[in-house]
Amino acid sequence: MEPLDLFSMRESYNRQQIMLCFNGPISRSLIEEIGNALRNYLAAEQAPASSAMDVFAVYIELTQNIRHYSRLKDWDDQDAGATVVVARDEQGRYVVSAGNLIEAADGERLLSRVKALAELDKVQLKALYKTQLRKPREEGVSSGAGLGLIDIARKASAPLEASLRQVDAQRAFISLRAVI
């Protein structure tokens, strides 16, 4: 293994205004602990309460979705890992990004769903959210990219962004970015 250049990593994180970064297998308790650290960081930064709540909610939704998907696929820790970054952009807005391995076909569907949501305005997103909320849920059936994704889009101050990078014939890496 090549030695890590922690100073260069630190400098890069500071330039990109990265507040929190995680890469690896993600458990329920780890989601909770990182969430607590995120809350504390936002409080110390004196983030407006509404922004802090939205950042936290988006972080929770994204990480729980990754964990749920990995468990559904029964993947080992290496394949079930997540990459999560919370940063600030040039305008001072919070950016919550998360990525994970996904079956390529599922990734294409999710990418399509994100692109469709990105085309909707706030009024349309609210209407879609209400419609989705009223739909009956079948027990034991994954809704996949449903209500939670719409809620993230509603909280975001810019359209959601997603990208998909093919890893092998069956899997890809999905990245999702929400600006709060």
Side-chain angles (χ1 to χ4, degrees), residues 3-70 80-102 107 110-111 113-126 128-129 145-165 172-180:
L4 292 174
D5 183 351
L6 293 178
F7 180 76
S8 292
M9 288 174 66
R10 179 183 186 273
E11 292 297 304
S12 175
Y13 288 2
N14 286 340
R15 270 192 317 278
Q16 296 177 66
Q17 298 185 68
I18 295 174
M19 297 183 281
L20 180 141
C21 182
F22 174 81
N23 182 59
I26 194 151
S27 65
R28 193 184 78 199
S29 61
L30 189 56
I31 290 171
E32 187 177 325
E33 286 302 318
I34 293 171
N36 288 335
L38 179 59
R39 272 191 189 154
N40 292 337
Y41 191 90
L42 293 167
E45 199 175 69
Q46 297 180 338
S50 62
S51 293
M53 286 176 47
D54 287 349
V55 169
F56 181 77
V58 168
Y59 158 78
I60 291 293
E61 183 66 31
L62 290 175
T63 54
Q64 285 181 342
N65 285 349
I66 291 170
R67 182 172 179 271
H68 176 73
Y69 183 83
S70 298
T83 302
V84 181
V85 176
V86 179
R88 301 290 293 264
D89 68 6
E90 302 79 27
Q91 292 86 35
R93 301 175 299 180
Y94 294 96
V95 180
V96 182
S97 303
N100 62 291
L101 281 177
I102 190 168
L110 181 54
L111 197 59
R113 182 79 170 134
V114 169
K115 286 180 180 178
L117 290 173
E119 294 175 3
L120 302 178
D121 63 24
K122 293 293 183 187
V123 172
Q124 293 168 317
L125 286 168
K126 182 177 181 179
L128 181 60
Y129 183 84
L147 198 59
L149 190 61
I150 297 167
D151 195 40
I152 292 170
R154 290 182 65 205
K155 286 175 174 42
S157 62
L160 296 181
E161 295 177 23
S163 63
L164 194 63
R165 177 181 263 179
F173 188 86
I174 186 83
S175 299
L176 184 64
R177 180 178 188 264
V179 178
I180 309 298

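Computation of the quantities below employed the complete heavy-atom set of this structure, encompassing side-chain atoms and omitting hydrogens, waters and symmetry-equivalent molecules. Just so it is clear, the model here is predicted, and its values are computed rather than measured.
Nearest heavy atoms, I180 versus S51: CG2-O, 4.1 Å. Residues G107 and I174 come closest through the heavy atom pair O-CD1, 4.1 Å. The heavy-atom pair separating R177 from S97 by the smallest distance is CG-OG, 3.8 Å. Of all non-hydrogen atoms in A57 and K155, the two that sit nearest each other are CB-CE, 3.6 Å. Nearest approach of V85 to C21, heavy atoms of both residues: CG2-SG, 3.9 Å. The two atoms that bring A82 and I26 nearest to each other are CB-CG2, 4.1 Å, heavy atoms only.
Heavy-atom neighbours of K115 NZ from other residues, nucleotides or ligands within 6.0 Å: at or below the threshold of 12. Crowding of Q91 atom CD: a count of heavy atoms from other residues, nucleotides or ligands under 6.0 Å exceeding 12. Within a 6.0 Å sphere centred on CE of M53, other residues, nucleotides and ligands contribute 12 heavy atoms or fewer.
Here the side chain of Q124 pairs a donor or acceptor atom with the backbone of D121 at under 3.5 angstrom. Between the side chain of Y94 and the main chain of A52, no donor-acceptor pair closer than 3.5 Å is present. When atom types are taken as modelled, the side chain of S70 and the backbone of I66 share a donor-acceptor pair closer than 3.5 angstrom.
Within the model, atoms CD1 of I18 and CE of M9 stand 9.0 Å from one another, a figure rounded to the nearest 0.5 Å. For the atom pair CG of L160 and CG of L117, the computed distance is 6.5 Å after rounding to the nearest 0.5 Å. Between I34 atom CD1 and I31 atom CD1 the span is 8.0 Å, to the nearest 0.5 Å. For the atom pair L120 CG and K122 NZ, the distance stands at 10.5 Å (nearest 0.5 Å). Residue Q16 holds its CD atom at 10.0 Å from CD of E90, rounded to the nearest 0.5 Å. Rounded to the nearest 0.5 Å, atoms OH (Y13) and CG (L20) are 10.0 Å apart.
Look at R88 and E45 and you find a salt bridge, because one of the NZ, NE, NH1 or NH2 atoms lies within 4.0 Å of a carboxylate O, short of that distance.
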Working for side-chain contact (heavy atoms from CB on, under 4.5 Å), residues V86 and L42 = CA-CA 11 Å; V86 179; L42 293 167; 5.8 Å; no

task = Would you sort out whether N100 and Y69 count as a side-chain contact (heavy atoms from CB on, under 4.5 Å), showing the intermediate values?
result = CA-CA 9 Å; N100 62 291; Y69 183 83; 4.2 Å; yes

request  = Decide side-chain contact (heavy atoms from CB on, under 4.5 Å) for F173 and L164; before the verdict, give the C-alpha distance in whole Å, the side-chain angles of both, and the deciding distance to 0.1 Å.
outcome  = CA-CA 6 Å; F173 188 86; L164 194 63; over 6 Å; no

message = Let's go through L62 and V84 carefully: what are the C-alpha distance in whole Å and the side-chain angles of both, what is the deciding distance for side-chain contact (heavy atoms from CB on, under 4.5 Å) to 0.1 Å, and is it a yes or a no?
response = CA-CA 9 Å; L62 290 175; V84 181; over 6 Å; no

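Donor-acceptor pairing under 3.5 Å is lacking for the side chains of E32 and N36.
Residues V96 and D54 are not in side-chain contact: their nearest non-hydrogen atoms beyond the backbone lie 4.5 Å or more apart.
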